[in-house]
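Worksheet: the structure to be examined is printed underneath.
Starting from 1, each residue takes its place in the sequence as its number.
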Amino acid sequence: MLEAALMGEIPRETTGSFDRVVREREAQMLRTAFRILGNWSDAEDVAQEVFLRLHRHGLNFPHDAAVGAWLYRVTVNLCLDRTRSRRSSQELPEMASPDRSAEAAVLMDEKKQRLMAALAMLPPKERAAVVLRQIEGLSTAEVAAALGSSDVTVRSQISKAMVRLRSILNREDA
C-alpha cells in the first residue's frame, strides 16, 4: 500500500533501505498510533504520514536505533496533534484468536475494551507515555526521546497515569 505509492519517488540507492524500514517498523507505528488514538482509521493515517515524512526526511540516520527513535517521536507527535484537533472514536477491531476458547476470547476483548476506554480518559501525553513504556516496551530514555521530555518527566507521567488508570478501572468494577 504505502510502498507502492511511493516507489516512483524514491531514489534507486535508498529504495532497499526505505523498504526495509517500512517492513520492519510499519506494524509498530500502526500499533502505537492505534493505542494512543483508539481508532484504526486515524492510526493508519498517522502511520502513513510518518513514513511519508521519513521519505521526505531521507534516510540519514547513523543506525537503526536512531530511525526507531525518530519514528516513535513523529508517531507520538502526530497522534497528539490529532487528539488536540478532535476526539477520536473508540473503534476496536476484533482480536479473537482461533486457539482460545470463545469465552476466553470474549473476556480478553472485554479487558482490551476497558483498557482502551480507560486510556482514552488520560491526558494525551500521559497516554502516549504509558503506551510507549508499558505496552510497546520502550525504555524510559526512549520514551523521553520520543516525547521530547526528560526521563524524570516520563516517570512522573507514567506514575500519574497508572494511578488514574487503576482508579478508572476500579470505578468500573464497583
Could you pull out all residues at least two apart from S159 that satisfy side chain to side chain donor-acceptor pair (under 3.5 Å)?
-> none
Locate the shortest heavy-atom distance separating L165 from L119; write the atom from each residue and the value.
-> CD2-N, 3.8 Å
With sequence neighbours left out, write down each residue that passes salt bridge (Lys or Arg N to Asp or Glu O under 4.0 Å) with R155, or none if nothing qualifies.
-> none
How long is the span from the CZ atom in R127 to the CD atom in Q157, to the nearest 0.5 Å?
-> 12.5 Å
Can you name the nearest heavy-atom pair linking W40 to L30, along with the distance?
-> CZ3-CG, 3.5 Å
Value for CZ (R35) from CG (L115), rounded to nearest 0.5 Å, stands at 9.0 Å
Search all heavy atoms of L147 against all heavy atoms of K125 and return the closest pair with its distance.
-> O-NZ, 3.6 Å
Which heavy atom in A146 sits nearest to a heavy atom in V76, and how many Å separate them?
-> O-CB, 4.4 Å
Is R53 paired with E49 through a side-chain N to carboxylate O contact shorter than 4.0 Å?
-> yes
Enter the distance from W70:CH2 to R25:CZ here, rounded to the nearest 0.5 Å.
-> 12.5 Å
Looking at OG of S167 and CE of M121, how far apart are the two atoms once the value is rounded to the nearest 0.5 Å?
-> 10.0 Å
Distance (rounded to the nearest 0.5 Å) between E126 CD and R164 CZ | 4.0 Å
Residues L169 and A118: closest non-hydrogen pair is CD2-CB, 4.0 Å
Partner residues of E142 under the salt bridge (Lys or Arg N to Asp or Glu O under 4.0 Å) criterion, sequence neighbours left out | none
Closest non-hydrogen atom pair, L71 against F51 = CD2-CE2, 4.1 Å
Taking it one step at a time, do V154 and R133 satisfy side chain to side chain contact (heavy atoms under 4.5 Å, CB included)?
-> CA-CA 9 Å; V154 167; R133 179 73 179 108; 5.5 Å; no
Out of curiosity, N39 CG to D45 CG, how far, rounded to the nearest 0.5 Å?
-> 8.5 Å
